[in-house]
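One structure, as structure tokens, below. Some questions next.
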Amino acid sequence: MSLTPIVVLVSGTGSLLQALIDAGTDLGYGVRVAAVGADRPGTLGQARAEAAGIPTFVCRVADFPSRADWDAALAQNIAAHAPAFVVSAGFMKLLGPVTLGQHTVVNTHPALLPSFPGAHAVRDALAYGVRVTGTTCHLVDAGVDTGPIIEQHAVAVEPDDTEDSLHERIKVLERLMLVDVVGRLARQGFTVTGRKVTIP
Ligand code: GRF
């Protein structure tokens with residue numbers, strides 16, 4: 001079976017990335033992490049990639065005269081590895097029009113969208129007092145966590161949950177969901193009709 005190349009974008013600890021790297025050690029999974037990109041140097045995510053022998057790149061907004069220049073550079077860095085699609089796995093920057101025009105991007109979010117979009121989804125869900133939250137895998141469009149939904153899983157909120165304890169429980173399911181979705185997208189392809197994503 002040929003392996004589908006993907007580029008993974010990270011900002012933090014990279015446990016989602018690690019789940020994808022680990023899944024890829026089984027050739028039947030069908031996915032090869034061709035490169036890992038980060039929005040800042042020194043992330044654990046980048047270290048995990050290097051430990052696995054995966055090429056990395058860093059593309060920092062602050063290193064470019066404008067956000068548009070950063071967007072163009074990020075798109076070019078990604079394109080150099082010719083991925084079938086890109087996975088945003090805890091990447092904490094909004095992607096720009098050049099990157100989104102050139103690449104299909106799959107994102108994972110720690111809430112049941114359209115509830116609690118944005119960078120503080122777990123905190124916002126706790127503050128609202130929901131009894132059930134979860135995780136969403138979706139395609140990225142120009143909005144903030146607004147793209148067509150591929151998969152969702154629910155997580156119950158416990159009475160004594162903190163932001164950290166809830167996020168850790170969400171991430172257990174988030175990793176399983178991401179590995180499953182990325183593998184199916186790579187092996188089976190997908191179509192998008194309006195907001196409906198179909199993996200045949
Ligand atoms: C995930 O919950 C992701 O949805 C959020 O940040 C977390 C990333 O975790 N945006 P990690 O860096 O992969 O461990």
Side-chain angles (χ1 to χ4, degrees), residues 1-39 43-59 74 77-93 95 99-100 103-113 121-122 133-140 145 147-155 164 166-192 197-200:
M1 183 197 261
S2 68
L3 301 179
T4 299
I6 63 169
V7 167
V8 182
L9 301 178
V10 298
S11 297
T13 59
S15 70
L16 298 166
L17 164 69
Q18 188 68 55
L20 291 168
I21 293 171
D22 292 348
T25 60
D26 172 1
L27 293 184
Y29 181 60
V31 176
R32 177 174 64 87
V33 180
V36 170
D39 62 346
T43 61
L44 184 51
Q46 187 179 0
R48 288 179 193 269
E50 284 165 1
I54 297 167
T56 65
F57 59 88
V58 174
C59 205
L74 180 64
N77 271 293
I78 294 169
H81 300 279
F85 57 90
V86 175
V87 178
S88 163
F91 190 65
M92 299 306 283
K93 291 279 182 303
L95 296 170
T99 299
L100 293 177
H103 304 285
T104 297
V105 184
V106 176
N107 184 47
T108 173
H109 181 75
L112 292 175
L113 293 171
V122 180
T133 183
T135 180
T136 303
C137 191
H138 66 96
L139 295 175
V140 178
D145 301 322
I149 289 171
I150 306 170
E151 186 74 67
Q152 295 186 297
H153 290 287
V155 174
D164 283 348
L166 180 56
H167 200 172
E168 280 312 311
R169 256 189 356 276
I170 290 171
K171 279 170 64 169
V172 171
L173 278 188
E174 196 174 8
R175 287 190 282 267
L176 292 172
M177 175 185 68
L178 186 65
V179 166
D180 173 59
V181 167
V182 166
R184 287 192 291 127
L185 291 173
R187 293 187 304 270
Q188 295 160 230
F190 63 99
T191 56
V192 185
V197 182
T198 305
I199 303 174

Original post:
Counting N and O atoms only, with roles assigned by atom type, does the side chain of T136 sit under 3.5 Å from a partner on the main chain of L113, one being a donor and the other an acceptor?
Top reply: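 Yes, because the side chain of T136 sits within donor-acceptor range (under 3.5 Å) of the backbone of L113.
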Original post:
Can V7 and V36 be said to form a side-chain contact (heavy atoms from CB on, under 4.5 Å), step by step?
Top reply: CA-CA 6 Å; V7 167; V36 170; over 6 Å; no
Original post:
Between V8 and I54, is any pair of side-chain heavy atoms under 4.5 Å apart?
Top reply: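 Not touching, per the 4.5 Å side-chain cut-off.
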Subject >> Non-hydrogen atoms of A38 and T43 that approach each other most closely >> reply: CB-OG1, 4.0 Å
Subject >> Any donor-acceptor N/O pair, T108 side chain to L178 backbone, under 3.5 Å >> reply: no
**OP:** Mind telling me whether H81 and F57 have parallel, tilted or perpendicular rings, with 30° and 60° as the class edges?
**Re:**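 Plane angle under 30°, so parallel.
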Original post:
Do V182 and Y29 come close enough that some side-chain heavy atom pair is under 4.5 Å?
Top reply: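 V182 vs Y29: side chains touch.
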Original post:
Does the pair V179 and L20 meet the rule for a side-chain contact (heavy atoms from CB on, under 4.5 Å), with working shown?
Top reply: CA-CA 6 Å; V179 166; L20 291 168; 4.2 Å; yes
**OP:** Take T99 and V140 through the side-chain contact (heavy atoms from CB on, under 4.5 Å) test and state the conclusion after the steps.
**Re:** CA-CA 11 Å; T99 299; V140 178; over 6 Å; no
Original post:
Do you know which two heavy atoms are closest between V31 and G183, and how far apart they sit?
Top reply: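 Answer, listing the atom of V31 first, then G183: CG2-CA, 4.2 Å.
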**OP:** Starting at CD of E151, measure out to CG of L185 and round the result to the nearest 0.5 Å.
**Re:** 10.0 Å
Subject >> Derivation and outcome, side-chain contact (heavy atoms from CB on, under 4.5 Å), residues D145 and H138 >> reply: CA-CA 8 Å; D145 301 322; H138 66 96; 3.8 Å; yes
Original post:
Is R48 reaching over with its side chain to a backbone N or O of T13, donor-acceptor style, under 3.5 angstrom?
Top reply: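 Such a contact is found between R48 side chain and T13 backbone.
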Original post:
Is there a donor-acceptor contact under 3.5 Å from the side chain of R32 to the main chain of G24?
Top reply: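 Absent.
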Original post:
Got L139 and V106 here, is their nearest side-chain heavy-atom distance under 4.5 Å?
Top reply: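 Yes; the side chains approach each other to less than 4.5 Å.
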Original post:
Taking the side chain from T135 and the backbone from H109, do they hold a donor-acceptor pair closer than 3.5 Å?
Top reply: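 Yes.
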